[in-house]
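Have a look at the structure below, then the notes.
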Protein chains: 2
Amino acid sequence: MDTYSGTDATAPLTYRSDCPSRTVIEVIANKWALYVLAALRRYERPLRFNELRRVLDGITQKMLTQTLRALERDGLVSRTVYPTVPPRVEYGLTSLGVQVGQLTAAIADWSLEHTREILAARIAFDERAATEPAPVR
Amino acid sequence: MDTYSGTDATAPLTYRSDCPSRTVIEVIANKWALYVLAALRRYERPLRFNELRRVLDGITQKMLTQTLRALERDGLVSRTVYPTVPPRVEYGLTSLGVQVGQLTAAIADWSLEHTREILAARIAFDERAATEPAPVR
DNA sequence: CTGGATCCGAGACGATACTG
DNA sequence: CAGTATCGTCTCGGATCCAG
């Protein structure tokens, strides 16, 4: 977008759009990636494709493939093919993946623990929006 | 953890699509929400709308509004209007927001620290894909 | 300054069919 | 079993204009 080469000393902490770490974050910042990492971490062992599919209720095989590819590309997930018949493919966490898995699992756990509070906040918010005739927005 | 009506004893750990925590995760699992939480946490003080916009390089005001609304609705971000002229609106973290902020900031920090490794993994992956004539996929 | 409203294109995503 | 391919839908997200 814009490149301020030291133009503004008042903006010491910007999250630049060209920072490469953003591309990393954008891989993690999607629910299926979070679920895949969380699942692989929970089971503490490699899982097969259809195993993962059953575990991650609601995911389509397309999204699972896509997500696994992205995670594999970033070196977070390893893919091992056993040339048997029928074919057997296992997905496991790399050492990088284990690290991220701890972080993402923490988020998943937190979400689970605080679901009630957040659901309550939502209801309150929605009621406020509904009852306020002319909200000061 | 969650309750499945005992249909399948071989699937003890599924991530059910109807689990309410998923809706929570889906709010967090988008890059702008992660950035907003990270920014509010870093600055350790409420930020105004356009402050946030400048900090989060590349975000449009639409997405910023949308993201802030979602976070506010979930009780992670508080919105305070000072009826001055021109209007002044500040966004801060709630206690819930501070908690999530720690988790998401950890991810952001990790991404920043491991950007090199991941970029390298990507290059390796892409080259493998390019050189392998008939990949065993 | 802080948004809301609208239009629109690109990409996400789901469903289905097919293959080694 | 573990995918790939194709198609249609639909939401996300950017750009622009407008308002209190």
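Lettering follows sequence order; numbering is per chain, from 1. What you see is a predicted model, and the numbers here were worked out from it, not measured in a lab.
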Closest to side chain of [X], choosing from [options]:
X: A:Tyr91; options: D:dC1, D:dG3, D:dG13; value: D:dG3
X: B:Met63; options: C:dG20, C:dG3, D:dG14; value: D:dG14
X: B:Pro87; options: C:dG3, D:dT4, D:dG20; value: D:dG20

Atom-to-atom span, [atom1] of [X] to [atom2] of [N] - whole angstrom:
X: B:Leu64; N: D:dA15; atom1: CG; atom2: C1'; result: 16 Å
X: A:Glu26; N: D:dG13; atom1: CD; atom2: C1'; result: 13 Å
X: B:Trp32; N: D:dT11; atom1: CH2; atom2: C1'; result: 18 Å
X: B:Leu68; N: C:dG3; atom1: CG; atom2: P; result: 8 Å
X: B:Arg88; N: C:dT2; atom1: CZ; atom2: C1'; result: 12 Å
X: B:Leu52; N: C:dC1; atom1: CG; atom2: P; result: 14 Å

Between protein and nucleic acid, restricted to nucleotides 15-18 of chain C and to nitrogen or oxygen atoms under 3.5 Å apart, what atom pairs and distances do you find?
residue, atom, partner, partner atom, Å
C:dT16, O4, A:Gln61, NE2, 3.1

**Prompt:** With a 4.0 Å cut-off on heavy atoms, is B:Asn50 in touch with a base, just the backbone sugar-phosphate, or nothing at all?
**Reply:** base
Looking only at atom types and distance, does a side-chain atom of B:Arg22 sit under 3.5 Å from a main-chain N or O of B:Arg16, one as donor and one as acceptor? yes
So the ring-ring contact (aromatic ring centres under 6.0 Å, His included) pairs with at least one residue in residues 78-108 of chain B (sequence neighbours excluded) are none
ring-ring contact (aromatic ring centres under 6.0 Å, His included) pairs touching residues 92-121 of chain A, sequence neighbours excluded, are A:Trp110-A:His114
Can you find a side chain N or O atom of A:Arg53 that sits less than 4.0 Å from OP1 or OP2 on D:dA2? no
Any side-chain N or O of B:Arg48 below 4.0 angstrom from OP1/OP2 of C:dC1? no
Overall bend of the helix from C:dC1-D:dG20 to C:dG20-D:dC1 (five pairs an end, 10° steps) is 50°
B:Arg116 meets the side chain to side chain contact (heavy atoms under 4.5 Å, CB included) criterion, sequence neighbours left out, with none
Sorted by chain and number, sequence neighbours left out, side-chain hydrogen bond (donor to acceptor under 3.5 Å, both in side chains) with A:Arg122 holds for B:Thr23, B:Asp74
With sequence neighbours left out, which residue pairs that include part of [range] fulfil the salt bridge (Lys or Arg N to Asp or Glu O under 4.0 Å) condition?
range: residues 101-110 of chain B; value: B:Arg42-B:Asp109
range: residues 43-52 of chain A; value: A:Arg45-A:Glu51
range: residues 85-98 of chain A; value: A:Arg88-A:Glu90

